[in-house]
Amino acid sequence: MNLYLFQVVNGIGLGMIYFLISVGLSIIFGLLNFVNFAHGAFYLLGAYLSYTAVSITGNYWLALIVAPLCIAFFAWVCERTLIKRVYHLPHTYQILVTLGVALIIQEVCISIWGPIGKSISPPDSLKGVMQIGDFYYPQYRLFVIAFAAVVALLVWLLLDKTKFGALVRAGSEDAETVSLLGTHTHRLFSITFALGVGLAGLAGVLAAPIKGIHPFVGPEVLGIAFVVVVIGGMGSFTGALVGGLLVGIVQSVMSTLWPQGASLMIYGAMAFVILLRPYGLFGRA
């Protein structure tokens with residue numbers, strides 16, 4: 001039972017990382033109706049920037065702050081210079097442009113950091129294990145769960161309890177009307193894009209000490225993010241959270257029961273949800 005409990009808690013940790021990745025993708029699609037196929041590449045870049053920051057300063061906590069902010073700023077620059085030019089074009093063009101951005105980021109990462117994977121050690125204060133009765137669990141993984149939960153709460157408060165969140169929700173319904181009421185929608189789009197991508201960069205920093213870093217992880221992360229969004233429902237914060245936890249727990253538990261089919265079961269869970277609710281658990285028709 002301790003083994004299965006360990007895998008369930010592992011799944012919750014993975015699920016919170018998947019939530020941070022997918023909620024940004026969901027927010028961007030909900031407001032901008034924009035399909036961002038570079039989302040996994042931004043996750044990758046965030047992980048590599050954290051590796052560089054830790055290598056130079058030896059301070060993981062600094063990397064946890066600086067890397068996501070750098071990713072958010074880079075995303076803002078990309079949005080202002082390139083992404084905004086394809087908002088009103090069909091999704092085919094959006095996919096082509098963002099796939100190009102993803103490939104450029106991947107090749108730049110290979111050029112700078114090499115094709116061999118990298119690893120980051122957790123901070124010294126979180127290297128031990130926590131004992132609860134007969135159950136032992138790494139402190140860093142518990143930190144990831146707690147930290148991601150705090151970030152989830154802050155994002156929910158931002159989207160649900162602030163004027164910015166009200167504008168984002170209104171803009172997802174009718175961006176033209178929001179613009180006519182005096183809101184600078186282009187600025188709103190830029191900030192929202194930077195926020196969503198910054199959360200993906202944060203997920204990359206949190207996951208680096210657990211999963212390591214290699215330059216080809218972007219497509220894998222992007223695939224999981226789309227699975228989470230499809231399960232939870234496009235544009236739904238609650239759906240991203242529930243979908244992320246569901247995918248994380250399924251993947252973790254199945255890695256014990258059926259290691260060869262752990263990844264397959266993620267898509268099996270997605271297919272099952274689609275059969276019951278074609279728009280996702282919390283999606284809107």
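Below, all heavy atoms of this structure are taken into account, side chains as well, without hydrogens, waters or symmetry copies. This chain uses plain numbering: 1 for the first residue, then up along the sequence.
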Answer whether the closest heavy-atom distance between the side chains of [X] and [Y] falls below 4.5 Å.
X	Y	value
Lys211	Leu14	yes
Phe189	Glu79	yes
Tyr43	Val217	yes
Val197	Phe74	no
Ile21	Leu199	no
Thr192	Ile27	yes
Leu126	Leu142	no
Gln251	Tyr18	yes

Do [X] and [Y] sit in one hydrophobic cluster, given that two such residues count as connected whenever their side-chain heavy atoms are within less than 4.5 Å of each other, even indirectly?
X	Y	value
Phe73	Ile71	no
Met254	Phe272	no
Leu158	Leu167	yes
Val150	Val205	no
Ile105	Leu82	yes

If you round to the nearest 0.5 Å, how far is [atom2] of [Y] from [atom1] of [X]?
X	Y	atom1	atom2	result
Asn10	Ser255	CG	OG	7.5 Å
Lys127	Ser121	NZ	OG	5.0 Å
Leu245	Ile145	CG	CD1	9.5 Å
Ile12	Gln7	CD1	CD	12.0 Å
Arg277	Phe282	CZ	CZ	8.5 Å
Ser22	Met234	OG	CE	10.5 Å

What are the two closest heavy atoms between [X] and [Y], and how far apart are they?
X	Y	result
Pro215	Gln106	O-CG, 3.3 Å
Leu25	Ala225	CD2-CB, 4.0 Å
Ser50	Ala208	OG-CB, 4.3 Å
Ala72	Gly198	CB-CA, 4.1 Å
Ala148	Leu20	CB-CD1, 4.1 Å
Tyr140	Leu206	OH-O, 2.8 Å

Around atom [atom1] of [X], are there more than 12 heavy atoms from other residues, nucleotides or ligands closer than 6.0 Å?
X	atom1	value
Phe164	CZ	yes
Ile116	CD1	no
Phe216	CZ	yes

Worksheet item: Where do Phe37 and Phe226 land on the ring pair (Phe, Tyr, Trp, His ring centres under 6.0 Å) test, with the steps shown first?
Response: CA-CA 10 Å; Phe37 269 65; Phe226 273 116; 5.2 Å; yes
Check whether any side-chain N or O of [X] sits under 3.5 Å from a backbone N or O of [Y] as a donor-acceptor pair, and report yes or no.
X	Y	answer
Ser26	Ser236	yes
Ser252	Gly248	no
Thr98	Ile95	yes
Thr81	Val77	yes
Gln94	Tyr87	yes

Worksheet item: Is it true that the side chains of Trp113 and Thr52 contain a donor and an acceptor less than 3.5 Å apart?
Response: yes
Practice prompt. Any chance you could lay out the side-chain contact (heavy atoms from CB on, under 4.5 Å) test for Asp160 and Phe237, step after step, and finish with the verdict?
Written response: CA-CA 10 Å; Asp160 200 65; Phe237 174 90; over 6 Å; no
Item to complete: Show your working on side-chain contact (heavy atoms from CB on, under 4.5 Å) between Leu202 and Phe147 and close with a plain yes or no.
Response: CA-CA 11 Å; Leu202 176 61; Phe147 184 80; 3.9 Å; yes
Discussion item. Taking ring pair (Phe, Tyr, Trp, His ring centres under 6.0 Å) as the criterion, tell me which of Tyr60, Trp61, Tyr137 meets it with Phe143.
Written reply: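 One option only clears the test, and that one is Trp61.
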Worksheet entry | Criterion side-chain contact (heavy atoms from CB on, under 4.5 Å) on His39 and Ile28, from CA distance to verdict | CA-CA 10 Å; His39 209 68; Ile28 291 170; 4.3 Å; yes
Worksheet entry | Verdict with supporting geometry, Val242 and Phe19, side-chain contact (heavy atoms from CB on, under 4.5 Å) | CA-CA 8 Å; Val242 174; Phe19 159 75; over 6 Å; no
